[in-house]
Amino acid sequence: MERRTIGAAALEVGAVGLGCMPMSWAYSGSRQRGDESLRTVHTALDRGATLLDTADMYGPFTNELLVGRALKERRSEAFVSTKVGLLVGEQHIVANGRPGYVKRACDASLRRLQTDVIDLYQLHRADPEIPVEETWGAMADLVSAGKVRALGLCAVGARSHRRSGARLHDGTIRQLERVQQVFPVSTVEAELSVWSPEALEGLLPWCEARGVGFLAAMPLGNGFLTGTLTPGEGFEPDDVRARHPRFTAEMMAANQPIVAGLRRIAARHSAQGTDVTPAQVALAWVLARGRHVVPVPGTKRECWAAENAGAAGLRLTTEDLAEVAGLPSARGSWD
């Protein structure tokens with residue numbers, strides 16, 4: 001797989017990463033299988049998808065434990081990204097950015113991941129009660145201590161505030177400008193996909209101008225852009241899509257033209273002799289946003305991990321990119 005060098009710390013990773021969250025958190029709990037998820041991690045590594053993205057809150061904790069099982073055998077082949085700053089309660093999630101907590105959480109993540117160093121330590125969310133500079137300073141201390149190689153920031157949750165034409169990432173950019181004064185930001189992780197392109201407006205250019213890597217979360221639109229979901233089929237109660245305004249039966253049907261466009265592009269490439277899927281087209285679109293961009297599609301199945309990794313070899317033409325640009329904007333139940 002093509003390798004990409006991202007961020008001030010010159011981090012080298014496969015062009016497509018692996019989001020590990022669905023293996024333990026937020027998606028169809030009845031379909032989560034530890035052994036299959038472990039095979040999925042190995043499949044991704046086999047194909048050069050070296051960036052494994054997890055967080056202590058996924059599970060909570062069980063996702064890091066699972067990734068740690070794979071790292072025990074293949075640490076030298078993997079680039080490990082985990083996150084800190086969110087605590088999971090019985091019915092709620094709260095931020096904790098206290099310096100002492102951050103340092104204890106890092107030690108706990110290292111134990112679960114069965115590694116001596118975390119390649120990328122990301123602040124999941126800033127604590128509104130603690131100046132973000134204090135939290136970031138504690139994370140920088142972890143770099144000095146040799147426990148962490150580089151630091152990243154996850155974007156402020158924008159989905160709940162999504163409105164047409166709004167600058168959704170202004171809050172994230174303000175945080176980035178503050179923490180950059182304390183210690184260099186190597187990466188920003190934020191949603192970016194064919195149906196959620198908002199980061200293109202301000203956040204992605206900010207990163208490019210400063211040599212900051214961009215980890216594209218949810219590049220397959222929570223699975224919608226794969227074309228494998230059926231409108232009206234429904235989701236398990238613990239699945240985040242059960243409450244997502246784009247995943248009602250009505251909105252899934254209304255957004256089918258987006259998938260149809262990806263299918264047309266995939267069919268053109270497949271006609272040239274290599275099978276291409278809508279998911280691979282969606283990932284190739286993200287890859288084409290810049291050499292500092294790495295999509296991190298999440299999955300818990302081997303077949304999808306292999307398919308996603310294959311997108312790194314797909315090059316979209318000018319015609320393809322123009323067709324994607326002409327697709328209708330995604331609709332949600334708020335529209």
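Note that the coordinates shown come from a computational prediction; the quantities given were computed from them, not determined experimentally. We number each residue from 1, following the sequence as shown.
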| query | Should the pair R268-D320 be classified as a salt bridge under the 4.0 Å nitrogen-to-oxygen rule? | reply | yes
| field | Salt-bridge contact R315-E2 (side-chain N to carboxylate O under 4.0 Å) | value | yes
Polar contact flag, side-chain donor to acceptor under 3.5 angstrom, [X]-[Y]:
X    : Y    : result
T54  : N63  : yes
S196 : R246 : yes
R74  : H42  : yes
T277 : E307 : yes
Q122 : S81  : yes

| message | Using every non-hydrogen atom in the two residues, find where H269 and V276 come nearest and quote the distance to one decimal. | response | CB-CG2, 3.7 Å
| remark: Note: C20 and V67 closest approach over all heavy atoms is SG-CG2, 3.8 Å
Please list every donor-acceptor pair under 3.5 Å in which a side-chain atom of residues 130-138 meets a protein atom from a residue at least two apart or in another chain.
unit_1, atom_1, unit_2, atom_2, d
E133, OE1, R178, NH2, 2.8
E133, OE2, R178, NE, 2.8
E133, OE2, R178, NH2, 3.4
T135, OG1, G97, O, 2.6
W136, NE1, F183, O, 3.0

List the atom pairs, with distances to 0.1 Å, where a side-chain N or O of residues 207-220 and a protein N or O form a donor-acceptor pair under 3.5 Å, not counting sequence neighbours.
unit_1, atom_1, unit_2, atom_2, d
R210, NH1, W206, O, 3.1

| remark: Residue set satisfying salt bridge (charged side-chain N to carboxylate O under 4.0 Å, His left out) with D107, at least two apart, ordered chain then number -> K147
| remark: ring pair (Phe, Tyr, Trp, His ring centres under 6.0 Å) filter on F224, not counting sequence neighbours, yields W195
| remark: Applying side chain to side chain contact (heavy atoms under 4.5 Å, CB included) to V41 and not counting sequence neighbours gives L18, M23, L45, L52, L66, A70
| Transitive ILVMFWY cluster of L287, excluding itself - 4.5 Å side-chain cut-off | M1, V16
